[in-house]
*Asks:* 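Could you have a look at this structure, given as structure tokens, before my questions?
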Protein chains: 2
Amino acid sequence: MEIPPVVIERLPLYARVLEALAQEGREVVSSQELGQRLGVTPAQIRKDLSYFGRFGKQGRGYNVQTLLSALRQILGLDRQWRMALVGVGRLGRAIVQYEGFAPQGFRIVHAFDADPRIVGQEVNGLTVRDVSELEEVLAREPVEIGIVAVPAVVAQEVIDRLVRAGVRAILNYAPIAARVPRGVQIRRVDPVLALQSMTYYLRQVSNAQAAK
Amino acid sequence: MEIPPVVIERLPLYARVLEALAQEGREVVSSQELGQRLGVTPAQIRKDLSYFGRFGKQGRGYNVQTLLSALRQILGLDRQWRMALVGVGRLGRAIVQYEGFAPQGFRIVHAFDADPRIVGQEVNGLTVRDVSELEEVLAREPVEIGIVAVPAVVAQEVIDRLVRAGVRAILNYAPIAARVPRGVQIRRVDPVLALQSMTYYLRQVSNAQAAK
DNA sequence: ATCTGTGAAGCACTTCACAGCG
DNA sequence: CGCTGTGAAGTGCTTCACAGAT
């Protein structure tokens with residue numbers, strides 16, 4: 001069965017709330033309550049989960065631990081993922097030092113940069129290598145995921161090289177609409193785009209007020 | 001006319017590519033070429049733009065400058081937006097120092113933190129204030145947008161305070177599904193969620209190979 | 001000859017509403 | 001009686017396909 005991409009995007013949210021509930025010691029939760037916590041309709045949660053099986057008990061709801069384990073397994077969060085970072089400038093450095101990846105099983109194991117002043121530096125216990133060694137290093141010690149934090153002009157080229165080196169998923173911090181072959185996953189992290197779509201609605205408000 | 005939210009989310013992308021084309025000195029561009037650069041169908045671009053007017057010339061395409069100006073005006077990018085950052089830890093510091101906001105007209109004018117060791121520090125020419133002064137400062141010097149980079153446990157509370165202080169748009173870096181009242185815009189910047197939805201597809205590949 | 005703008009068709013996602021189980 | 005799981009209905013978004021402008 002082909003599962004709608006939007007469903008896959010919501011599962012990590014569900015998992016996150018279930019983790020919080022588990023920590024609170026809750027054993028059971030209804031789609032109603034999950035929905036309330038997430039701002040999603042209960043029907044949507046039930047439908048989403050139904051793509052993967054029957055996890056609930058009628059009249060009761062879902063066992064928090066059971067559902068959490070199921071989601072973690074479905075999403076592949078029950079294992080470690082290795083990542084290679086390309087671009088260790090200001091942004092890249094912040095990414096290496098970000099404490100949010102490791103507890104979720106995502107580990108940066110290589111860091112590359114093109115700037116000779118940065119190559120050789122140690123960042124958070126990781127030695128920055130020259131980006132020219134990318135293919136060689138990834139052949140020896142492969143990773144599943146690439147993180148791109150290089151300037152826009154070279155981002156597409158870096159992404160192409162990562163893909164050719166066998167990386168099947170890319171987290172792209174560069175402000176470009178990168179193209180990847182079918183079968184390769186890519187996600188954009190782009191706060192400026194987020195801001196620019198919000199201002200549309202802010203503008204509307206100003207206009208409505210001006211029209212009064 | 002009510003414009004589909006997905007359309008609004010794509011407009012900043014169009015604007016970005018048009019900026020690049022303008023810099024290359026291109027005068028005219030077709031929906032076909034725009035689509036190619038963005039990985040979007042030409043029909044979608046034409047349909048999206050048609051919500052706002054008729055910007056193209058049949059047989060020719062779109063004038064790059066004219067369309068760019070129109071989009072900037074529609075999105076409200078033809079003005080400055082003031083932002084307040086809450087949370088000046090490692091992540092917050094990286095946000096203040098990020099050079100990508102200013103050239104797009106987004107300026108951080110206040111920074112708040114709760115940690116007395118951080119309050120009073122100067123970061124990128126900005127003095128960090130105590131978060132208890134948030135309401136007071138925003139009443140005196142309002143901002144349109146709030147940026148939240150605080151720990152998950154306090155994020156919802158901070159967002160509520162920002163909204164009560166008149167902020168109509170929030171960029172949320174905290175890993176929670178925050179709730180805001182109708183009419184307030186919110187966008188999540190959450191690399192971990194992005195990673196966790198990609199691993200679903202990576203897992204599929206491993207499984208397919210294992211099944212051989 | 002080329003490329004836009006747009007109704008209409010098609011597809012994807014969400015919500016409804018209720019049978020059925022605990 | 002409460003809450004799940006799910007076909008069916010409803011909604012929203014995308015793509016088609018072509019008339020019409022240059």
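Here is how names work: the chains are called A, B, and so on, in the same order as the sequence lines, proteins then strands, and each is numbered from 1. Only this structure's heavy atoms are used, side chains among them; waters, hydrogens and symmetry mates stay out. Since the model is a prediction, treat every value here as computed from it, not as a measurement.
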*Asks:* List the steps and the verdict of side-chain hydrogen bond (donor to acceptor under 3.5 Å, both in side chains) for A:Y173 and A:D190.
*Replies:* CA-CA 6 Å; A:Y173 283 82; A:D190 197 327; over 6 Å; no
*Asks:* Would you say a side-chain N or O of A:Y62 is under 4.0 Å from OP1 or OP2 of D:dG5?
*Replies:* yes
*Asks:* Once you round it to whole Å, what is the distance between C1' of C:dC3 and CZ of B:R60?
*Replies:*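 Rounded to the whole Å, the gap is 11 Å.
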*Asks:* Rounded to whole Å, how long is the line connecting atom CZ of B:F55 with atom P of C:dT6?
*Replies:*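 About 11 Å, once rounded to whole Å.
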*Asks:* Please tell me which of A:A43 and A:K57 maps to the more 5' nucleotide of DNA chain C, matching each residue to the nucleotide holding its nearest heavy atom.
*Replies:*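 Its nearest nucleotide being more 5', the pick is A:A43.
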*Asks:* What's the spacing between B:L75 CG and A:T199 OG1 if we round to 0.5 Å?
*Replies:* 5.5 Å
*Asks:* Assign each of A:D48 and B:G56 to its nearest nucleotide of DNA chain C by heavy atoms, then name whichever residue's nucleotide is nearer the 5' end.
*Replies:* B:G56
*Asks:* Without decimals, in angstroms, what is the distance between A:Q44 CD and C:dA12 C1'?
*Replies:* 13 Å
*Asks:* Counting heavy atoms from C-beta on, name the nucleotide in C:dC3, C:dT14, C:dC21 closest to the side chain of A:Y51.
*Replies:* C:dT14
*Asks:* By nearest atom, which of the nucleotides D:dT6, C:dC21, C:dT14 is closest to the A:V6 side chain?
*Replies:* C:dT14
*Asks:* Nearest whole angstrom, please: distance from the P of C:dA17 to the NZ of A:K47.
*Replies:* 14 Å
*Asks:* Which residue, A:V29 or B:P5, contacts DNA chain D at a nucleotide closer to its 5' end, judged by nearest heavy atom?
*Replies:* A:V29
*Asks:* If only side-chain N and O atoms count, and only distance matters, is there a donor-acceptor pair under 3.5 Å linking A:D160 with A:Q156?
*Replies:*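 A:Q156 vs A:D160: donor-acceptor pair found between side chains.
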*Asks:* When the distance from CD of A:Q58 to C1' of D:dT6 is rounded to whole Å, what number comes out?
*Replies:* 11 Å
*Asks:* Indicate whether the side chain of A:Q58 and that of A:R60 have a donor and an acceptor atom separated by less than 3.5 Å.
*Replies:*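 Judged by distance alone, the side chains do not pair up.
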*Asks:* State the OG-CZ distance between B:S197 and A:R10, to the nearest 0.5 angstrom.
*Replies:*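 One gets 12.0 Å once the value is rounded to the nearest 0.5 Å.
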*Asks:* Determine: side-chain N/O of A:R54 to OP1/OP2 of D:dT6, distance under 4.0 Å, yes or no.
*Replies:* yes
*Asks:* Could you tell me the separation between the CG atom of B:L11 and the P atom of D:dC13, rounded to a whole number of Å?
*Replies:* 13 Å
*Asks:* Please check the phosphate of C:dT15 (OP1 and OP2 only) for any side-chain N or O of A:T41 closer than 4.0 Å.
*Replies:*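 Answer yes for this pair, as a side-chain N or O of A:T41 is under 4.0 Å from OP1 or OP2.
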*Asks:* Does A:S31 put a side-chain nitrogen or oxygen below 4.0 Å from OP1 or OP2 of D:dT4?
*Replies:*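 Looking at the OP1 and OP2 atoms of D:dT4, one of them is under 4.0 Å from a side-chain N or O of A:S31.
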*Asks:* Over how many whole Å does the gap from B:I45 atom CD1 to D:dT15 atom C1' extend?
*Replies:*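 That distance rounds to 13 Å.
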*Asks:* What nucleic acid atoms does B:R46 come within less than 4.0 Å of, heavy atoms only: base, sugar-phosphate, or nothing?
*Replies:* base
*Asks:* Rounded to the Å, how far apart are A:F52 CZ and D:dG5 P?
*Replies:* 13 Å
*Asks:* Using heavy atoms to find the nearest nucleotide of DNA chain D for A:S50 and A:G59 separately, return the residue whose nucleotide is more 5′.
*Replies:*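 Between the two, 5'-proximity favours A:G59.
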